[in-house]
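In what follows, chains are A, B, ... by sequence order, proteins preceding strands, each numbered from 1. Everything numeric in this text was worked out from a predicted model, so none of it was measured. Keep in mind that the numbers below use all heavy atoms, side chains included, and drop hydrogens, waters and symmetry copies.
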Amino acid sequence: MNSIIEFEDVHKQFKEKKALTDVNFSIKKGEIFGLVGPSGVGKTTTIKLLTDQLKPSEGAIRVFGESVTGNHTRLLSKMGILSDRSVLYERLSLYDNLRFLASLYDRPVSTIEDILEHVGLASSRKAAYKNLSKGMKQRANLAAALIHAPEILILDEPTASLDPSAKANVHAFLRQLNEQGSTIFLTSHDMNEIESLCHRVAFMIDGTIYLCDEPAQIRSMYAAPTVTVTFADGNVETFNNSYTGMTSLRNAIESRKVQSLHSDEPSLTDIFLDVTGRKFA
Amino acid sequence: MSLSMRRIFAIVRKDRKDSMKSANIVPVLLIPVGMALMFAYVMPSDLDMMFEMYVGVILLNLLFISGVVPANSLAEEKEKGTLRMLLYTPTSIAELLIGKNIHYFCLSLIGVLLSLLILQVPISWGYFLVAVIPVAFFCIVLSSTVGLLANNNGQIMITLFPVIMGMYFISSMADLYNVAFIYTIKRFLPIEIFYDAFYVSYYGGSFPWFSLVVTLCWITVISIIFAVVYRKQRYT
């Protein structure tokens, strides 16, 4: 797979404050890539650099092999961008909003109906944006981000303000988009979201990428070498994964009734807290 | 910088629909037309008074639509966050401003023509263009400049609105007070060409070159200020 987004030795400084230091990562075509970290560590700055709203102090950012700087208009037409602060024109109907955006991208009006069907808002097409519920608004924003069939979807904390049910709908929709070939770059401070959606994840702390790999790889890297067994009589025993430990485990399973058995693999949240010594804000 | 006419006219169409549903903008559009309708029924017998009244109403219409509404609209885009959304599309700030200004310029002309029609003020097309175009242009550039600087409609109301109303009152009330100082200010106001062009068309006289030059000077000054503000604000 080819890298379609590349950050190479990127630094960003705001007067005295260093926002990003030596950021390096790449995102491959068809991948869901998650950038996680507490609020204020530089996730949104990364997105602003990627969308040419900010210029890097040092380093190079390339999308489809082209530098972002100076190619803003062409590259933005290949990106769909959504954040929890995304909004549309509240007095206009959903259809009018999407028609306006379609004309900005020179897309046919016929795509609007398809997108509305896709996000499950076809029946609300005439409703004013301000009259939609929060979950519907975020789906409408997603429709707006998808109106020009972007090759890359950039999502800045897209479900930050949604309830669990609306969040699950958005997740399902993102998986569906990814299966259809969209590359998704997602920032979040919700580890469950990242764990359930992303093929690869980067931990960002104080403007630096701390760790970048597949969630399963990260979990196995930090997994404790033990297995915990709960027996039917209520006893809980831990076995390590050495030869003798595994032999004892086999003997125990054969001789007693087991209620549950699980490997002591930490969650991404546990690993993040362990690695960085930080709490999520 | 490349400008796309397709995107500019998409913004014109969007603003046309949006402004017709705005509780901020619709009254600004309706009040002067309502005043024109009211004055059309209260016909003063004195011709001079009729002239002052009619021209005053039409000028108010022009100043509101071209002077206040564009700034309101731009500040609202910032306040509500739709400007951020637009900047995630290939649309540039220049295209947004041009699109908005075309829309409000056309709306100003429609408002003035509607008032003229209601009040049945006799004016030649030549003088109409000299009276309306430079003033509308000045007001739109002034309004866009303030709109770029302001973050919300409250800031527009405490900065731009007093300037617009101040110009209007000095221009329309100077004759009542007959004070030399006020007259001098009035002569150098950017909107004075409006009164002078209507006056010449109504009563006859020589072409108001002085007022036209004053307005053109103001347009030059405000355009320079606009360019400076635009360069500073487009990345903010």
Side-chain angles (χ1 to χ4, degrees), chain A residues 14 44 47-48 50-55 69-93 95-109 128-131 137 140-148 150 152-156, chain B residues 1-29 69 72-100 102-103 151-153 231-236:
Chain A
F14 296 108
T44 301
I47 286 197
K48 284 187 173 174
L50 182 58
T51 52
D52 200 30
Q53 291 178 71
L54 291 173
K55 307 262 176 277
T69 312
N71 293 310
H72 167 265
T73 307
R74 194 168 61 250
L75 290 177
L76 277 181
S77 61
K78 294 178 179 178
M79 297 180 190
I81 301 161
L82 171 73
S83 81
D84 68 322
R85 287 173 296 170
S86 291
V87 283
L88 296 177
Y89 291 93
E90 59 178 31
R91 291 184 289 268
L92 296 184
S93 69
Y95 183 84
D96 285 340
N97 266 299
L98 295 180
R99 198 166 79 158
F100 167 56
L101 289 167
S103 52
L104 290 182
Y105 288 107
D106 201 15
R107 298 284 297 173
V109 176
Y129 180 75
K130 65 180 171 188
N131 294 333
K137 275 183 182 165
N141 297 337
L142 194 53
L146 294 171
I147 192 78
H148 56 298
I152 308 168
L153 199 53
I154 296 170
L155 309 171
D156 187 10
Chain B
M1 181 180 63
S2 62
L3 297 173
S4 156
M5 292 312 286
R6 173 175 45 79
R7 285 196 290 269
I8 289 171
F9 282 102
I11 290 163
V12 173
R13 283 194 299 274
K14 182 272 293 176
D15 269 357
R16 180 172 53 81
K17 279 198 168 181
D18 195 39
S19 54
M20 289 305 129
K21 294 175 179 174
S22 166
N24 287 337
I25 296 173
V26 170
V28 174
L29 303 178
V69 179
N72 258 325
S73 169
L74 202 54
E76 193 187 15
E77 296 257 15
K78 288 188 200 174
E79 205 174 357
K80 299 268 168 73
T82 46
L83 186 63
R84 180 194 300 271
M85 181 270 292
L86 276 183
L87 295 181
Y88 283 150
T89 72
T91 312
S92 66
I93 289 283
E95 287 166 343
L96 177 71
L97 289 172
I98 294 169
K100 279 191 175 299
I102 288 175
H103 167 65
N151 291 319
N152 53 55
N153 278 324
R231 282 180 71 87
K232 287 198 164 190
Q233 292 294 109
R234 65 182 162 162
Y235 286 120
T236 306

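Note: Lys14(B) leads Arg7(B), Lys14(B), Arg13(B) in heavy-atom pairs under 4.5 Å with chain A. Options Met79(A), Glu90(A), Arg74(A) differ in how many heavy-atom pairs under 4.5 Å they form with chain B, and the most are formed by Glu90(A). Between chain B and the options Leu54(A), Asn141(A), Leu101(A), Asp96(A), heavy-atom pairs under 4.5 Å are most frequent for Asp96(A).
Only the side chain of Thr51(A) comes within contact range of chain B, with at least one heavy atom under 4.5 Å from a heavy atom of that chain. Contacts between Lys130(A) and chain B at a heavy-atom distance below 4.5 Å are absent for every atom of the residue. Residue Ile154(A) does not touch chain B at all, counting heavy-atom pairs closer than 4.5 Å. In this structure, no portion of Ser4(B) lies under 4.5 Å from any heavy atom of chain A.
Residues Gln53(A) and Tyr88(B) come closest through the heavy atom pair NE2-CE2, 2.6 Å. Of all non-hydrogen atoms in Val87(A) and Met85(B), the two that sit nearest each other are O-CG, 3.5 Å.
Qualifying salt bridge (Lys or Arg N to Asp or Glu O under 4.0 Å) partners for Glu76(B), counting only residues two or more places apart in sequence or in other chains: Arg91(A), Lys80(B).
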**Request:** Kindly indicate, with the supporting measurements, whether the criterion side chain to side chain contact (heavy atoms under 4.5 Å, CB included) is fulfilled by Leu86(B) and Tyr89(A).
**Result:** CA-CA 11 Å; Leu86(B) 276 183; Tyr89(A) 291 93; 3.2 Å; yes
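For the side-chain contact (heavy atoms from CB on, under 4.5 Å) with Thr89(B), the lone residue among Ile147(A), Leu76(A), Leu104(A) that qualifies is Leu104(A).
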